[in-house]
Every structure is written in structure tokens, then in C-alpha cells.
Protein chains: 2
Amino acid sequence: MTSRADKKSNTRSKLIAAGLKLSGQKGYSALSLREVATEAGISPAAFYKHFNNMEELGLALLDEVGLSLRKLLRTARKNVEPGPKAARASVETFMKFVNENGNLFKLLLGERQGATPAFRRAIHAEMDRFVHEIGNDLERSYAVVRQPLRDPLLTAEAIVAVVFTLGAEALDLPQHKQTGLTKRLTQHIQMILRGSQ
Amino acid sequence: MTSRADKKSNTRSKLIAAGLKLSGQKGYSALSLREVATEAGISPAAFYKHFNNMEELGLALLDEVGLSLRKLLRTARKNVEPGPKAARASVETFMKFVNENGNLFKLLLGERQGATPAFRRAIHAEMDRFVHEIGNDLERSYAVVRQPLRDPLLTAEAIVAVVFTLGAEALDLPQHKQTGLTKRLTQHIQMILRGSQ
DNA sequence: TGTACATCAGTGAACGCGCGTTCACTGATGTAC
DNA sequence: TGTACATCAGTGAACGCGCGTTCACTGATGTAC
């Protein structure tokens with residue numbers, strides 16, 4: 001029933017899951033090929049049937065990050081309707097995402113300046129795409145109410161900066177201690193939006 | 001002339017300089033005790049006469065970060081007088097600092113989520129102090145012109161978030177390509193200040 | 001359907017390497033008299 | 001000032017360990033006839 005190809009891609013998924021789990025625990029750059037292979041349940045040598053080295057695994061993990069950021073935007077668009085309460089609702093959606101995808105989020109933030117140039121470039125590309133999409137969303141929703149923003153992209157950039165900075169702080173906090181942070185983050189965004197009108 | 005204690009603290013300085021140089025090149029978490037010792041010109045075993053382990057060296061490096069952030073504030077206070085051009089002047093002072101202390105800045109940003117809990121705590125403490133000092137500065141200078149900010153601390157938090165985020169991007173750019181970034185950063189700050197009045 | 005051969009994901013042993021840490025030591029500096 | 005002893009920063013060799021990588025291999029899956 002399960003073909004050779006199926007089994008292979010199955011093992012690949014296990015390697016990615018293992019990499020994600022371990023990088024959440026001790027940071028991607030501290031991972032060894034051997035421990036990822038062991039966590040995934042294969043021998044170190046078999047790792048090479050799937051990736052040429054750890055960096056390739058890392059880039060595969062970043063693909064997952066991209067997917068999950070796209071999912072975040074989709075959820076936000078569904079749950080958040082433009083208006084005075086948009087900031088608060090967005091922040092709640094975002095915090096939920098951070099808590100559910102902590103490992104992916106840690107990878108994104110933790111390797112922003114570490115790692116190899118290829119890795120850094122991939123991360124900045126993901127973040128850029130994210131900023132641009134939010135910029136477009138802002139432009140559209142403020143055009144609807146006929147109060148266009150001065151510079152939607154600049155606004156998006158500032159919002160993403162505060163959101164990711166405070167999101168990183170949230171990672172170290174137990175979920176029940178995040179309320180204050182959520183509130184502060186909402187105020188940050190409102191402040192930025194106010195200043196960009 | 002040079003006492004035993006002098007020589008010892010001299011070697012300690014060399015270890016710190018070595019750690020800073022190497023962590024700028026490949027990231028602090030990728031450093032080995034042996035290579036730091038070699039770079040400083042001593043044997044690996046002698047490292048232990050100065051620090052019990054690499055983490056202690058790391059905390060010593062963070063002390064340097066604290067010193068240099070304090071120096072940055074001092075310079076900014078000297079060069080930047082409150083007024084419409086404050087943002088631009090502050091950003092220029094900051095960019096100069098980033099270029100001159102790239103290694104310290106990389107350490108601060110790169111280990112924000114990596115490393116051990118003690119390390120993370122030390123970094124967040126430094127950044128917190130920085131935010132509070134800027135918050136106080138903002139409060140004072142806007143009180144003078146009788147247009148107090150709604151929440152100086154919140155404003156400072158947002159400003160530091162964008163400043164550090166874009167500063168991190170600047171680290172990867174050659175100095176002559178930073179002009180656009182400097183301009184954008186200035187606009188970010190003006191936007192935040194506008195929104196917090 | 002059955003047979004003979006090809007493919008290839010995963011194995012297990014082996015390699016050389018840099019690592020952190022220990023230890024007994026050396027010899028210059030410091031101290032007491 | 002000179003002598004005898006104590007201190008201690010730095011040395012060099014040794015250790016066991018986990019690492020990335022290679023290699024010939026196995027045996028299940030796939031393919032051709």
C-alpha cells in the first residue's frame with residue numbers, strides 16, 4: 001500500500017518535525033545532525049538520503065515558517081474586520097499564533113542574525129513578504145473608509161517590528177502572564193496607526 | 001612595574017576582546033572555549049583562571065554591551081537637542097553607534113532568544129534599562145514644550161523596537177547602502193511620536 | 001502470474017577531529033623576616 | 001638589602017566524547033518480460 005516514495009516523504013516529515021522540536025528546545029544553531037536523525041528515528045547516515053547537510057534541513061524548516069505566516073494572515077483576515085477594534089482583535093489572533101507555533105516563531109526570530117547568509121536572506125525574504133502583505137491590507141481597509149494612510153508600507157514595517165519584538169518576549173512567558181503584554185502591544189499598534197493617518 | 005594583578009586583568013581583557021571579535025564573525029553561541037583562548041593568545045587551560053565557563057565570558061561581554069549602550073545615550077543627549085529635527089539626529093547618532101560597535105550590537109540581538117535563560121535575562125534587563133531611560137528623556141523633553149506625551153514609556157518601547165529591528169538590518173549592509181534605511185527609520189520614529197501626542 | 005534483475009531508503013561500523021576539562025608542572029612575582 | 005618560602009597565571013599532555021562524513025551492505029519495493 002505505502003510506496004517507497006511515500007515512506008521516504010514520511011521520513012522526511014519526521015526529520016522536519018524533529019528539527020522543529022529540537023530547535024524550539026535549544027535553538028536551531030545548536031542542533032547536530034546526529035541528534036536530529038536520532039529524534040526522527042533513523043541512523044545518522046540515512047539523513048543524507050534526504051538533505052545534503054543541516055543547512056538544507058534549516059531551509060526546509062523555513063518553508064514551514066512561510067506556510068504558517070501565510071496561514072496567520074488568512075486567519076487574521078477572516079477574524080478581523082476593519083474598524084476601531086481591529087488592533088485588539090489582530091493582536092489576539094497573533095498571540096494565539098505565537099503560542100501554537102512557538103517553535104516556528106523561535107526559529108524565525110532566533111536565526112535572524114545568526115546562521116549563514118543564505119539562511120538570513122531566506123528569513124528576511126519571509127519577513128518582507130509578510131510586511132508587504134500587511135501593508136496592502138492596511139492600504140485597502142483605510143481606503144474603504146476614505147482616510148488613506150500616509151505610507152501604508154512604512155506603517156506595516158513599524159507594526160511588524162513591535163509585534164515581533166513583543167512576540168519574542170511572549171515566548172518566555174507562561175500563557176497566563178501574557179495579558180499585560182497583549183494590552184501593551186495593542187496600544188503600540190494604535191499609536192502607530194494614529195501617527196500614520 | 002606591571003604587577004601580577006595587572007597582567008591578569010590584561011589577559012582578561014584580551015579574552016573579552018577575542019570573544020567579541022569572534023562572536024561578531026560567527027555568533028557567540030558558535031564559539032568554543034579553545035578558539036577564544038587561542039585568539040587571546042593563551043592555552044585553553046588558562047581560560048579557567050579567568051572564567052569558569054563560556055557563559056561567564058558571555059556575561060562579561062554583556063557588561064560591555066551595557067557600557068556601550070550607556071555611552072550611546074550620553075552621546076545622543078549631547079548631540080540631540082529637542083525639536084523637530086530630533087528624530088533625524090538621533091537616528092544618525094544611533095547608526096554611527098551601530099557601525100562602530102557592530103560586534104556588541106550583534107551580540108545583543110543575536111542572543112536575545114538563543115543561549116541560556118541567564119543570558120536572555122541579562123539581555124532583556126539591558127534593553128529594559130535602555131527603554132526606561134529613553135522614556136524618561138522623552139517625558140522630560142516633551143514636558144518642556146508643554147505637549148506631554150500620552151505614555152512616554154510605551155512610546156519609548158515602540159521606538160526601541162523599530163530602532164533595533166532596522167539596526168539589525170543595517171548590520172548586513174555596507175555603510176554606503178544605509179542611507180535609505182536611515183531615512184526610513186527616521187520616518188518610523190516621527191510616525192510613532194506623532195501617534196503618541 | 002511468476003521470475004530475474006534494478007533501485008534505493010536505511011544500516012552499522014569506522015574514520016579523524018575539535019571539543020571541554022583535569023592535572024601535575026613551571027617560573028615569575030609577591031611576602032615575611 | 002638578601003634570603004627563603006608562598007602564591008598563582010599560564011603550560012602542555014592527556015582523557016573521553018559527540019561530532020560529520022564515508023562506505024560497503026541489506027532487504028524491501030519496483031520494473032520488465
If you count every heavy atom of other residues, nucleotides or ligands that lies below 6.0 Å from A:Glu139 atom CD, does the total exceed 12?
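At most 12 heavy atoms, drawn from other residues, nucleotides or ligands, come within 6.0 Å of this atom.
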Counting Watson-Crick and G-U wobble pairs whose two distances are both under 3.5 Å, find the runs of 3 or more in a row that involve DNA chain D.
C:2-33 with D:2-33
Do the side chains of [Y] and [X] get nearer than 4.5 Å, heavy atoms only?
| X | Y | answer |
| --- | --- | --- |
| A:Asp137 | A:Arg140 | yes |
| A:Asn53 | A:Phe47 | no |
| B:Met54 | B:Tyr28 | yes |

Is there a donor-acceptor contact under 3.5 Å from the side chain of [X] to the main chain of [Y]?
| X | Y | value |
| --- | --- | --- |
| A:His188 | B:Leu154 | yes |
| B:Asn101 | B:Phe97 | yes |
| B:Lys14 | B:Ala40 | no |
| A:Arg150 | A:Gln197 | yes |

So side-chain hydrogen bond (donor to acceptor under 3.5 Å, both in side chains) across residues 79-91 of chain B, not counting sequence neighbours, yields B:Arg88-B:Glu92
Under the side-chain hydrogen bond (donor to acceptor under 3.5 Å, both in side chains) rule, what pairs show up with a residue in residues 33-43 of chain A, not counting sequence neighbours?
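Found A:Lys21-A:Glu39, A:Lys26-A:Glu35.
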B:Val36: which of B:Leu22, B:Leu20, B:Ile42, B:Ile16 passes side-chain contact (heavy atoms from CB on, under 4.5 Å)
B:Leu22
Within residues 9-43 of chain A, residues whose heavy atoms come under 4.0 Å of DNA chain D
A:Ser32, A:Leu33, A:Arg34
Tell me which residues in residues 48-62 of chain A put a heavy atom below 4.0 Å from DNA chain D, sorted by number, or none.
A:Tyr48
Checking B:Gln178 against B:Asn99: is there a side-chain donor and acceptor pair closer than 3.5 Å?
yes
Between B:Lys7 (NZ) and D:dG10 (P), how many Å, whole number?
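It works out to 9 Å between those atoms.
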Protein-nucleotide distance (B:Asp6, atom CG; C:dT29, atom P), rounded to Å:
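It works out to 12 Å between those atoms.
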Evaluate the ring planes of B:Phe105 and B:Phe94, with Trp represented by its six-membered ring, and classify them as parallel (under 30°), tilted (30 to 60°) or perpendicular (over 60°).
perpendicular
Atom pairs, N/O to N/O, protein against nucleotides 30-33 of chain C, distance under 3.5 Å?
residue, atom, partner, partner atom, Å
C:dG30, OP1, B:Arg4, N, 3.2

